[in-house]
Structure formats: structure tokens, C-alpha cells
Amino acid sequence: MPPEITEFLTQNTALLVIALLLILTVFRAVRVVPQSEKFVVERFGRLRAVLGPGINFIVPFIDRVAHRISVLERQLPNSRQDAITADNVLVQVETSVFYRIIEPEKTVYRIRDIDAAISTTVAGIVRSEIGTMELDHVQSNRAQLIERVKDSVADAVDDWGIEVTRAEILDVNLDDATRAAMLQQLNAERARRAQVTEAEGRRRAVELAADGDLYAAEQQAKAKRILAEAEAFATSAMAEAIRQGGIEAAQYQVAMRQVDALTEVGTGPGKQTLVLPAAALDAFTDAFKLLRGAGK
């Protein structure tokens, strides 16, 4: 080392020591906290402060950062626990819990293993909640059960400075005997529904047939009423004609009916030869006479 440097260090040793102490003091006093963490600061073994994200200042050589706590959301490993429903069915429930630390001072000084504590709490709450419900309700009201478990867990871990963001019931498994019994019950229910549907169809068919018969009877009654009204009108008209035209009009109508009847017989299928009685020929003669008399 050159003599000049040696002389400089010898003469300025005290200043160099002070400068190093100042640099070390500034380095120990300034703490830069990441956005995803919080620092727990202790002074002589006691809680002094919780440092948030950004630049923070502490008292060097007296305060120290005792814990660096991540505030990111965490997921506990999926766990399985047995539970018994209100109707005495053994089920195996698989759960998953998400949480994050919001008050590190509580988490650090009130609980040692936060993950194990939450897992144990969730297992107890799940067993307690399922014990109040029957199996059918557990299967059909899973969303309600998850909400109740989440609220209960949140209340239980509030003193630990954490927030339960999600609590999920991933699966509810049954033993083979219970599953076989449920399958048999499901098949019986399907058979019952099929029988009910078939009986309902037969009843509906009978109702429709009765409605059809009733409609046909109503239409026939309407037709008879119309024919009766027409017959009454014709009788009334004939009576009026007899009253105005005398007996000749009535004889003329009778003779024309006889002529129409003979014409229908003559035009019928398979009637090639007709043997007419003398009375039939008289009917034609009477009709022409009456017609001639009406024309005078």
C-alpha cells in the first residue's frame, strides 16, 4: 500500500468509522416492504409495529423485523373427514378452504400452526353442520351447507387475524351399502312414477272418450231438435195452405208425395222392372187433375 494512502487512513480513521456507522445505521433504519407482505417489528422482544407496503423507518439496533408475513390468499390442502347425518348415514366429506392473513400481529402471537388449526376447525364445523341435516338435504342443499360452514369458520378464526375467503365442499361420498340402498330406492321411485303416469294416461283417455260421447249426443240432440222444428214448420205451412186453398191443396200434396216415393223406388239400384198397383197409377192421375184444377 502506498505511503500516502496509509497516512490518509491513519489520520482519518475516526471519520471512516463514523461514516461506516452512518451507512449501517441508515441501512438498518430503512425497510422496504413488498406489496404482498407485511413486516412485524419487535422492540426488545415486544410488538412494536406492523409495516405495510412501501418505505418504512425503524429505530436501528433497537427495532428489528421479527416476522415477514405474506398477505396473499392461501389454499389449504384438500382434506377428508367422516360425518354422520341426522338420519344416521355415514358420509365422507372432502373440503377445501381458502384464506388470507389480514392482521399479522394476531396470527403471529396467538396461533402457532395456522394451517393445522384451520383444518381442525373446518373438520369439526363440517361434522356439526352435517349432523343437523338428513342425507337428502346434504345432497340437494350443498350451496346452503357451504355458506353455513364458511360463516361458522369465519367466526371461529376471527381471533387469529385471518379472513376465510372460500370454503368448498368438493364431494360427499357414501359407502357401498348406502349407495346400493339409494340406487334401489331411486329405481323404486322411477317405477312408481311410471305407474302413476300410465294411470294418469288411462284416466285422461277415459275422460276424452266420455267427452267425445257427450259431444256426439249433444250434436244428435241438436239435429233432432232441428228436424222437429222443420217438421213443425212444414206442418204449420201445410195447415195454412189447407186453410187458404181448401182440401184440394192437401190432396195435391199427398199425391205429390206418392209420386216422389214411386220415383225413388224406380231409380233405386237393381230395379229394372216395376210392377205398379192400380192405386199408384191413380196417384199420377189425381196429381195431374189437381194440378190442372189449380191452374184454372
Side-chain angles (χ1 to χ4, degrees), residues 14-83 93-132 142-171:
L15 294 175
L16 293 175
V17 171
I18 294 174
L20 289 175
L21 288 176
L22 289 175
I23 294 173
L24 181 61
T25 300
V26 172
F27 180 78
R28 296 290 300 271
V30 177
R31 288 291 182 267
V32 179
V33 182
Q35 182 69 37
S36 60
E37 295 182 351
K38 286 185 178 181
F39 289 178
V40 178
V41 178
E42 292 181 352
R43 176 177 294 180
F44 301 121
R46 298 186 63 180
L47 175 65
R48 174 67 180 83
V50 177
L51 304 182
I55 298 177
N56 297 269
F57 298 94
I58 62 175
V59 178
F61 307 108
I62 297 178
D63 297 341
R64 72 183 185 91
V65 177
H67 305 279
R68 299 169 181 261
I69 305 298
S70 173
V71 295
L72 296 177
E73 188 173 5
R74 309 178 187 184
Q75 178 186 7
L76 293 179
N78 296 346
S79 60
R80 293 175 179 267
Q81 53 267 347
D82 294 334
V93 184
E94 182 178 0
T95 59
S96 178
V97 177
F98 296 80
Y99 74 95
R100 65 187 183 92
I101 298 174
I102 57 176
E103 296 180 276
E105 63 276 16
K106 293 183 179 181
T107 306
V108 169
Y109 297 110
R110 292 186 179 181
I111 191 72
R112 179 181 297 275
D113 189 347
I114 187 65
D115 289 352
I118 295 176
S119 297
T120 304
T121 303
V122 170
I125 291 175
V126 168
R127 291 192 182 100
S128 176
E129 292 293 339
I130 290 182
T132 62
R142 184 174 298 185
Q144 181 181 358
L145 176 61
I146 291 174
E147 191 65 26
R148 290 169 58 180
V149 170
K150 179 183 175 182
D151 294 341
S152 299
V153 173
D155 294 338
V157 303
D158 183 63
D159 291 339
W160 298 339
I162 67 174
E163 177 188 8
V164 177
T165 56
R166 292 177 60 190
E168 298 290 343
I169 295 180
L170 304 179
D171 198 6

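In this chain, residues are counted from 1 in sequence order.
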Pairwise distance CG(Asp151) to CD1(Ile125) - rounded to 0.5 angstrom: 10.0 Å
Side-chain touch Ile169/Glu94, heavy atoms, less than 4.5 angstrom: no
Donor-acceptor contact present, side-chain Arg100 to main-chain Ile162, <3.5 Å: no
Distance, nearest 0.5 Å, that separates CG of Asn56 from CZ of Phe39: 8.5 Å
Heavy-atom side-chain proximity of Arg31 to Val41 below 4.5 angstrom: no
Heavy-atom pair with the smallest gap, counting every atom of Ile146 and Ala167: CG2-O, 2.7 Å
Closest non-hydrogen atom pair, Gly52 against Val33: O-CB, 3.1 Å
Ser152 vs Glu129 side-chain heavy atoms within contact, under 4.5 Å: yes
Thr95 versus Gln81, side-chain donor and acceptor atoms under 3.5 Å: yes
Side-chain heavy-atom pair Asn78, Leu170 within 4.5 angstrom cut-off: yes
Working for side chain to side chain contact (heavy atoms under 4.5 Å, CB included), residues Phe98 and Val164: CA-CA 6 Å; Phe98 296 80; Val164 177; over 6 Å; no
Arg64 side-chain N/O to Pro60 backbone N/O, donor-acceptor pair under 3.5 Å: no
Ile55 atom CD1, neighbour heavy-atom count above 12 within 6.0 Å: no
Distance, nearest 0.5 Å, that separates CD of Gln35 from CG of Leu72: 9.5 Å
From Phe61 atom CZ to Arg28 atom CZ, the distance as rounded to the nearest 0.5 Å: 5.5 Å
Using atom types as modelled, flag every donor-acceptor pair under 3.5 Å from a side chain in residues 105-115 to any protein atom, sequence neighbours excluded.
unit_1 : atom_1 : unit_2 : atom_2 : d
Lys106 : NZ     : Glu103 : OE1    : 3.3
Thr107 : OG1    : Glu103 : O      : 3.4
Thr107 : OG1    : Trp160 : O      : 2.7
Tyr109 : OH     : Glu42  : OE2    : 2.7
Arg110 : NH1    : Asp159 : O      : 3.0
Asp113 : OD1    : Asp115 : N      : 3.4
Asp113 : OD1    : Ala116 : N      : 3.4
Asp115 : OD1    : Tyr99  : OH     : 2.3

Heavy-atom side-chain contact between Val59 and Arg43 under 4.5 Å: yes
Within-4.5 Å side-chain heavy-atom neighbours: Gln75 and Val97: no
Side chain to side chain contact (heavy atoms under 4.5 Å, CB included) between Glu37 and Val71, intermediate numbers included: CA-CA 5 Å; Glu37 295 182 351; Val71 295; 6.0 Å; no
Steps toward side chain to side chain donor-acceptor pair (under 3.5 Å) verdict (Glu73, Thr165): CA-CA 8 Å; Glu73 188 173 5; Thr165 56; 2.4 Å; yes
Check: Arg148 and Thr132 side chains under 4.5 Å, non-hydrogen atoms: yes
Derivation of the side chain to side chain contact (heavy atoms under 4.5 Å, CB included) call for Leu145 and Ile130: CA-CA 8 Å; Leu145 176 61; Ile130 290 182; 4.0 Å; yes
Side chain to side chain, Leu51 and Lys38, heavy atoms closer than 4.5 Å: no
